[in-house]
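So the structure is just underneath, and the comments pick up after that.
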Amino acid sequence: MILAVASESNMKPFVLLRIASILTLLFAAGHTSGGLSLWSPAGETDVLRAMRSFHFDAAGTSRTYLDFYLGFGYILSVYLFAQAVVFWQLASIAKSDAYRTRPLIGTFLLVAIASTVLSWRFIFVVPVICSATISVCLALAFFFSGKRGSGAAK
């Protein structure tokens, strides 16, 4: 899909950043919807029951392991939604001066690559595919933003 959209005539960083933004938005929506129900791919297990029932004091507040698990998951969703917005905003800047966006694209590219590796190691194939596809968009945007004046509307 990306290669078809990113033909030689469309290899503009702002297009690639918009694609990365939409993919990140879909990734955030999928991640959030997966965490909305207290489910487990293995079904109701002893581990899940223990995560719900074992309470402990965390800085003066009673929490369970499931509270932490869900909390960190929702925090990740918030960051994914924010990242989608930032990619969209970067695309707007890249339309007139892609070179200025290059350091930020590079930073997000490194994060996306790390997320791909961590997803491969610890999670499952869907986040791997999402992170890898976003990484490809960012890598191409980084590459094509390498010249001063790149991304200018013609």
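Every value quoted in this text rests on a predicted model; they were computed, and no experiment measured them. By convention here, the first residue in the shown sequence is residue 1.
- Residue Phe54 is grouped with residue Tyr69 when hydrophobic side chains (ILVMFWY) are merged at heavy-atom distances under 4.5 angstrom, including chains of intermediate members.
- Side-chain contact between Arg18 and Ser92 is present, with at least one heavy-atom pair separated by less than 4.5 Å.
- Taking OG of Ser131 as the reference point, atom CD1 of Ile123 lies at 8.0 Å (rounded to 0.5 Å).
- Leu25 is listed as a side-chain neighbour of Phe81, based on a closest heavy-atom distance under 4.5 Å.
- His31 and Ser77 share a side-chain donor-acceptor pair at under 3.5 Å.
- Looking at residues two or more places apart in sequence or on another chain, you find no salt bridge (charged side-chain N to carboxylate O under 4.0 Å, His left out) involving Arg63.
- Considering CD1 of Ile134 and CZ of Phe27, their distance stands at 6.0 Å, rounded to 0.5 Å.
- No side-chain heavy atom of Tyr99 sits less than 4.5 Å from a side-chain heavy atom of Ser145.
- For Thr107 and Arg102, the side-chain atoms include no donor-acceptor pair closer than 3.5 Å.
- Residues Val86 and Leu109 share a hydrophobic cluster, clusters being chains of Ile/Leu/Val/Met/Phe/Trp/Tyr side chains in contact below 4.5 Å.
- Across all non-hydrogen atoms, the minimal contact from Ala112 to Leu138 is CB-CD1, 4.0 Å.
- Applying the side-chain hydrogen bond (donor to acceptor under 3.5 Å, both in side chains) test to Asp57 and every residue at least two apart in sequence or in another chain returns nothing.
- At a threshold of 4.5 Å between side-chain heavy atoms, the hydrophobic network of Ile, Leu, Val, Met, Phe, Trp and Tyr places Phe124 and Leu118 in one connected group.
- By the 30° and 60° cut-offs, the orientation of the rings of Tyr65 relative to Phe56 is tilted.
- Under the 4.5 Å side-chain heavy-atom criterion for ILVMFWY residues, a single connected hydrophobic cluster contains both Val126 and Phe122.
- Using a 4.5 Å cut-off on side-chain heavy atoms (C-beta onward), Thr64 and Asp67 make contact.
- Take Val47 and apply the side-chain contact (heavy atoms from CB on, under 4.5 Å) test, not counting sequence neighbours, and it matches Thr45, Met51.
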Thr116 vs Arg121, side chain to side chain donor-acceptor pair (under 3.5 Å): CA-CA, chis, key distance, verdict: CA-CA 9 Å; Thr116 302; Arg121 171 65 178 92; over 6 Å; no
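- The side-chain heavy atoms of Trp88 and Leu90, taken from C-beta on, include no pair separated by under 4.5 Å.
- Between Ala91 and Phe14, the shortest heavy-atom distance links the atoms O-CB, 3.2 Å.
- Note that CG of Leu23 is 12.0 Å distant from CD1 of Ile129, once rounded to the nearest 0.5 Å.
- Within the 4.5 Å cutoff, the side chain of Leu66 has heavy atoms near those of the Arg52 side chain.
- With rounding to the nearest 0.5 angstrom, the CG atom of Leu80 is 11.5 Å from the CG atom of Leu26.
- One distance of note links CZ of Phe142 with OG1 of Thr101; it measures 9.5 Å at 0.5 Å rounding.
- The shortest non-hydrogen separation linking Pro127 to Ser119 is CB-OG, 3.8 Å.
- Heavy-atom neighbours of Arg100 CZ from other residues, nucleotides or ligands within 6.0 Å: at or below the threshold of 12.
- Put simply, CG on Leu17 and CD1 on Ile105 are 4.5 Å apart, with the number rounded to the nearest 0.5 Å.
- No close placement of the Tyr79 and Tyr74 rings is indicated, their centers lying 6.0 Å or farther apart.
- Ile113 and Leu76 end up in the same hydrophobic cluster when Ile, Leu, Val, Met, Phe, Trp and Tyr side chains are linked at under 4.5 Å.
- Heavy-atom contacts from other residues, nucleotides or ligands closer than 6.0 Å to CZ of Phe143 number 12 or fewer.
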